[in-house]
Amino acid sequence: QVQVVESGGGLVQAGGALRLSCAASGSIFSIDVMGWYRQAPGEQRELVAAITSGGSTNYADSVKGQFTISRDNAKNTVYLQMNSLKPEDTAVYYCNADVILPGALRVINHYWGQGTQVTVSS
């Protein structure tokens, strides 16, 4: 069984910063891509940023230069540093991990965290 747990959300004023963390645990052989998504009320879930095990990153255009994704492979943990936050960044932020399980090395399993709320006040 694999668990993905996010932390670090909260309420912050516009212009402030938050750092989200997401740790995957359980029976894991390796993790390919780890990513952050967000979903605002009434909106679809969207990709914010993703990072491969080799460190290659991908960002949504809306957060380029504002957010930074990083990863600690030894801890199966991904981080999202969010700076200069704006009210439009308010959303539930979800972590996704593409996990390879022992004994099934050709299969990638997608696991989601429960989400963490980020609220940016104006």
Side-chain angles (χ1 to χ4, degrees):
Q1 190 74 324
V2 174
Q3 293 182 330
V4 176
V5 179
E6 303 104 333
S7 61
L11 173 64
V12 64
Q13 289 188 335
L18 283 174
R19 188 189 193 214
L20 305 183
S21 298
C22 167
S25 62
S27 182
I28 297 171
F29 178 79
S30 65
I31 302 178
D32 187 8
V33 180
M34 298 187 81
W36 288 98
Y37 292 73
R38 68 185 179 187
Q39 187 168 18
E43 302 290 334
Q44 290 188 335
R45 190 173 299 188
E46 63 175 0
L47 174 69
V48 175
I51 185 168
T52 68
S53 58
S56 296
T57 58
N58 181 39
Y59 294 93
D61 288 342
S62 59
V63 304
K64 284 181 180 177
Q66 181 189 358
F67 291 2
T68 302
I69 191 169
S70 60
R71 178 171 173 170
D72 185 334
N73 289 331
K75 296 181 179 179
N76 289 332
T77 298
V78 65
Y79 306 96
L80 186 68
Q81 178 66 42
M82 305 186 293
N83 297 328
S84 303
L85 283 162
K86 310 167 189 175
E88 51 263 43
D89 294 316
T90 295
V92 178
Y93 283 70
Y94 297 90
C95 176
N96 177 268
D98 291 346
V99 177
I100 298 171
L101 303 176
L105 303 186
R106 295 185 178 184
V107 178
I108 293 179
N109 304 272
H110 307 287
Y111 290 93
W112 290 92
Q114 80 287 352
T116 185
Q117 177 71 45
V118 171
T119 302
V120 184
S121 63
S122 59

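Considering only heavy atoms from C-beta on, Arg38 comes within 4.5 Å of Ser62 through its side chain. Using a 4.5 Å cut-off on side-chain heavy atoms (C-beta onward), Thr68 and Tyr79 make no contact. Using a 4.5 Å heavy-atom threshold, the side chains of Leu101 and Val107 count as separate. In this structure, the side chains of Gln117 and Leu11 stay at 4.5 Å or more apart for every pair of heavy atoms. Looking at Met82 and Val48, their side chains never come closer than 4.5 Å, going by heavy atoms from C-beta outward. The side-chain heavy atoms of Asn58 and Val33, taken from C-beta on, include no pair separated by under 4.5 Å.
Gln66 contributes a side-chain N or O that, together with a main-chain N or O of Ser84, makes up a donor-acceptor pair within less than 3.5 Å. No donor-acceptor pair under 3.5 Å is formed between the side chain of Thr57 and the backbone N or O of Ile51. Side-chain atoms of Gln13 never come within 3.5 Å of backbone atoms of Ser121 as a donor-acceptor pair (strictly under, hydrogens ignored).
Summarising the geometry of Thr77 relative to Ala23, their closest heavy-atom pair is OG1-CB, 3.7 Å, with the distance given to 0.1 Å. In plain terms, the two heavy atoms of Tyr59 and Ile69 that are nearest each other are OH-N, 2.9 Å. Annotation for Val4 and Gln114: closest pair O-OE1, 3.7 Å, computed over non-hydrogen atoms. The shortest non-hydrogen separation linking Ala17 to Gln81 is CB-NE2, 4.0 Å. Nearest approach of Arg71 to Asp32, heavy atoms of both residues: NH1-O, 2.6 Å. For the residue pair Trp36 and Ser21, the shortest heavy atom distance occurs at CH2-O, 3.5 Å.
The distance from the CD1 atom of Ile108 to the CD1 atom of Ile31 is 11.5 Å, given to the nearest 0.5 Å. To the nearest 0.5 Å, atom OG of residue Ser122 and atom NZ of residue Lys86 are 14.0 Å apart. Atom OG of residue Ser30 and atom CG of residue Leu105 lie 7.5 Å apart, to the nearest 0.5 angstrom. Here CG of Leu18 is found 10.0 Å from CG of Asp89. Values are rounded to the nearest 0.5 Å. One finds the CZ atom of Arg19 at 9.5 Å from the OG atom of Ser7 (value rounded to the nearest 0.5 Å).
By the neighbour-count criterion of 12 heavy atoms within 6.0 Å, atom CD of Gln3 is sparsely surrounded, having that number or fewer from other residues, nucleotides or ligands.
Within the hydrophobic cluster formed by Ile, Leu, Val, Met, Phe, Trp and Tyr side chains joined at under 4.5 Å, directly or through other members, Val92 is accompanied by Tyr37, Leu47, Tyr94, Trp112.
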For the pair Asn109 and Val2, evaluate side-chain contact (heavy atoms from CB on, under 4.5 Å) and give the outcome as yes or no after the intermediate values.
CA-CA 10 Å; Asn109 304 272; Val2 174; over 6 Å; no

Residue pair Phe67, Leu85: steps toward the side-chain contact (heavy atoms from CB on, under 4.5 Å) verdict
CA-CA 9 Å; Phe67 291 2; Leu85 283 162; 3.8 Å; yes

